[in-house]
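Structure, as structure tokens:
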Amino acid sequence: MKFSVRYNHVGYAPKGPKVFLLTCDSTDNPLKGMLPWFEVFAENGERVFGAAMAEKGSCSYTDEFVWEGCFTSLETVGRYRISVVDTKGNVLVESKFFEVSDRLVLEQLSSTLKSFYFQRSGVELTPDRAGKWARPAAHLDDCIEFHPSMEREGTWNAHGGWYDAGDYGKYIVNGGVSVATLLLAAEFADDRRVAFGNAELFYAGSFRANLLEEIRFELEFFLRMQDTDGGVFFKVSPVRWDGFVTPKESDEAQKRQILGKSTTSTLNFAGALAQAHRVFAKAYPGFAKQCLEASIRAYRWAIENPDVTYPHNTEGSGGYGDERYDDEFFWVRAMLFREVCGKVCVDCGREGCDHFRNRLLSDMEKCPPSFGLDWRDTQNLGWIALALQSVAPDLQVRARNTLKVVADEIVRLASEDPYGLSIRRFIWGSNGEIANHALTLFLVNEWFPSSVYVDCAKKMLDFVFGKNPVDCCFVTGSAWSSPKFIHHRISHSDGIEEPIPGLVAGGINADRQDLHRFPHYPGPQPGFSYTDERVSFASNEVAINWNAPLVAALCFECLN
Ligand code: 9MR
């Protein structure tokens with residue numbers, strides 16, 4: 001019988017919930033109902049806490065029996081380890097040292113945000129900001145050709161933007177939802193409450209100023225991706241998948257191309273830029289105005305072109321295929337409603353016209369909210385925009401109540417799961433999904449404050465930082481168990497042993513689409529579908545749409 005402890009490998013905030021799990025590799029309770037006892041020891045060997053654990057029951061996706069221990073009242077800053085003993089006092093298992101400290105969340109927030117800087121394409125990363133991960137500019141993308149399927153002469157300037165993931169593609173669909181998620185954090189980040197110290201800063205100014213700087217980098221790329229007719233190109237990609245080479249080597253080895261336009265890319269653009277109008281209004285009013293105008297032009301293109309599919313030639317890049325457009329239309333209409341409908345109707349330009357509002361009402365019927373954001377299902381951005389606006393108080397109340405029902409369901413499901421999760425399947429990018437569920441809880445907590453939401457969200461983040469079946473802190477550079485071999489071309493090719501820090505691996509993925517590459521998953525059960533190997537693109541890749549909800553959730557963790 002093998003016992004294991006599952007805990008946040010980075011550590012816990014002094015005032016936050018502190019839970020960990022004991023598991024054994026059998027679904028039958030080997031302790032026959034007797035409760036194990038745990039003790040927490042400080043670094044100097046002093047025993048600072050002791051309590052009985054509670055049974056959580058068996059776990060269907062790992063075939064384990066699970067107990068939970070709680071030491072929330074231990075608030076003293078320090079380094080600790082947990083030791084679990086059976087009823088006869090025999091030590092069953094011990095944790096490694098972890099911290100209780102106020103700094104941890106800020107440090108994670110800083111490094112997960114900074115990972116976006118490391119994903120920048122087309123520009124030099126300088127040693128003063130990038131340290132040993134500095135690199136020269138590559139993939140300028142300022143004069144690239146159109147994919148032959150577009151039958152279009154000439155070249156296009158698609159400079160800048162973030163690489164999407166472990167590959168060197170730049171995708172509007174995924175970029176849009178990532179930007180929108182970071183913009184949500186920016187809407188709530190308060191300079192006094194999310195205060196970076198000097199150690200965390202990489203530009204001058206506050207966390208919010210740093211966040212805006214990074215978002216703006218991507219938005220400037222977005223603006224370049226808009227065609228003269230208002231439609232937005234879908235992606236920029238190499239003609240074939242790159243090997244594990246540096247950006248410069250990739251640039252020298254092969255051509256890049258631009259593909260699209262499509263309804264989803266155009267609507268992603270419109271949704272993100274409408275929200276940017278609000279967030280950038282104070283700091284950069286001229287830029288904010290440009291964003292709004294570009295958003296409205298894109299929306300109008302999509303109205304004229306409501307079902308233009310994504311580029312199906314995906315050689316050398318990901319598909320991001322989505323042929324359902326209702327949820328993107330809802331997102332954009334709700335964001336634009338918040339920005340301009342207090343004044344004029346976006347559809348006809350007249351004051352006092354109800355046409356746009358009526359469309360929105362029908363969107364709400366068609367697109368019930370999901371548990372979190374996703375690149376494919378974006379309707380929650382519509383619901384959140386309505387919950388945050390005050391142009392129409394009736395819609396605000398309805399949106400907040402609707403999202404509360406979702407949050408209550410997340411909490412209910414999480415309470416039934418031994419690992420405290422509300423997901424019921426581990427899919428590609430499960431860590432992103434978990435962070436997104438946490439983000440939903442934090443948002444709803446803004447309108448219906450409750451420690452139930454906050455504590456549940458924080459425990460979900462514990463999963464990402466180590467309290468999981470595969471004993472891994474999924475964020476690079478954060479703990480002893482962080483991934484060393486992520487599927488990330490930059491990290492693999494830069495000659496630096498440590499991967500770029502602050503990147504969250506996709507995580508446990510029961511679909512294991514990479515089996516043909518022979519990854520070594522630690523067990524056959526769905527909950528063991530993660531391996532820290534480069535070949536495991538299905539579990540160990542990184543992506544901006546998984547990092548963004550983590551940044552946003554950590555930002556809310558600082559606020560709460
Ligand atoms: O995150 C995407 C996931 O939902 C899809 O199932 C998967 C397969 O289509 O693609 C993921 O996105 C990848 C994208 O297509 C290309 N860049 C890397 C992304 C993360 O793996």
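Order of appearance sets the numbers: ligands from 1, and atoms from 1 within every ligand.
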- Applying ring pair (Phe, Tyr, Trp, His ring centres under 6.0 Å), run through Phe244 and His488 and close with a yes or a no. CA-CA 8 Å; Phe244 276 79; His488 185 232; 9.3 Å; no

- Audit row: Tyr117, Trp162, side-chain contact (heavy atoms from CB on, under 4.5 Å) steps and yes/no: CA-CA 8 Å; Tyr117 172 73; Trp162 302 314; over 6 Å; no

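The proximity of Tyr168 to ligand 1, defined as any non-hydrogen pair under 4.0 Å, does not occur for either the backbone or the side chain. With a 4.0 Å cut-off on non-hydrogen atoms, Phe537 does not touch ligand 1 at all.
The shortest N or O to N or O distance between Asp164 and ligand 1 is under 3.5 Å.
For atom 12 (O) of ligand 1, the closest heavy atom belonging to the protein is Tyr320 OH, 3.3 Å. Nearest protein heavy-atom neighbour of atom 15 (O) of ligand 1: Gly318 CA, 3.2 Å. For atom 2 (C) of ligand 1, the nearest protein heavy atom (residue, atom name, distance) is Trp375 NE1, 3.6 Å. From the protein, the heavy atom lying nearest to atom 6 (O) of ligand 1 is Trp428 CE3, 3.7 Å. Remark: minimum distance from atom 18 (C) of ligand 1 to any protein heavy atom is reached at Glu541 OE2, 3.2 Å. In terms of protein heavy atoms, atom 20 (C) of ligand 1 is closest to Trp546 CH2, 3.7 Å.
Side-chain atoms of Arg240 never come within 3.5 Å of backbone atoms of Gly316 as a donor-acceptor pair (strictly under, hydrogens ignored).
Using a 3.5 Å distance cut-off with no hydrogens or angles, the side chains of Glu533 and His520 do pair a donor with an acceptor.
At a threshold of 4.0 Å, the pair Asp142-Arg224 does not count as salt-bridged, since none of the basic side-chain nitrogens sits closer than that to a carboxylate oxygen. Look at Asp141 and Arg256 and you find a salt bridge, because one of the NZ, NE, NH1 or NH2 atoms lies within 4.0 Å of a carboxylate O, short of that distance.
Only one option out of Glu220, Glu218, Glu214 pairs with Arg120 in a salt bridge (Lys or Arg N to Asp or Glu O under 4.0 Å); it is Glu214.
At a distance under 4.0 Å, no protein heavy atom can be found next to atom 9 (O) of ligand 1.
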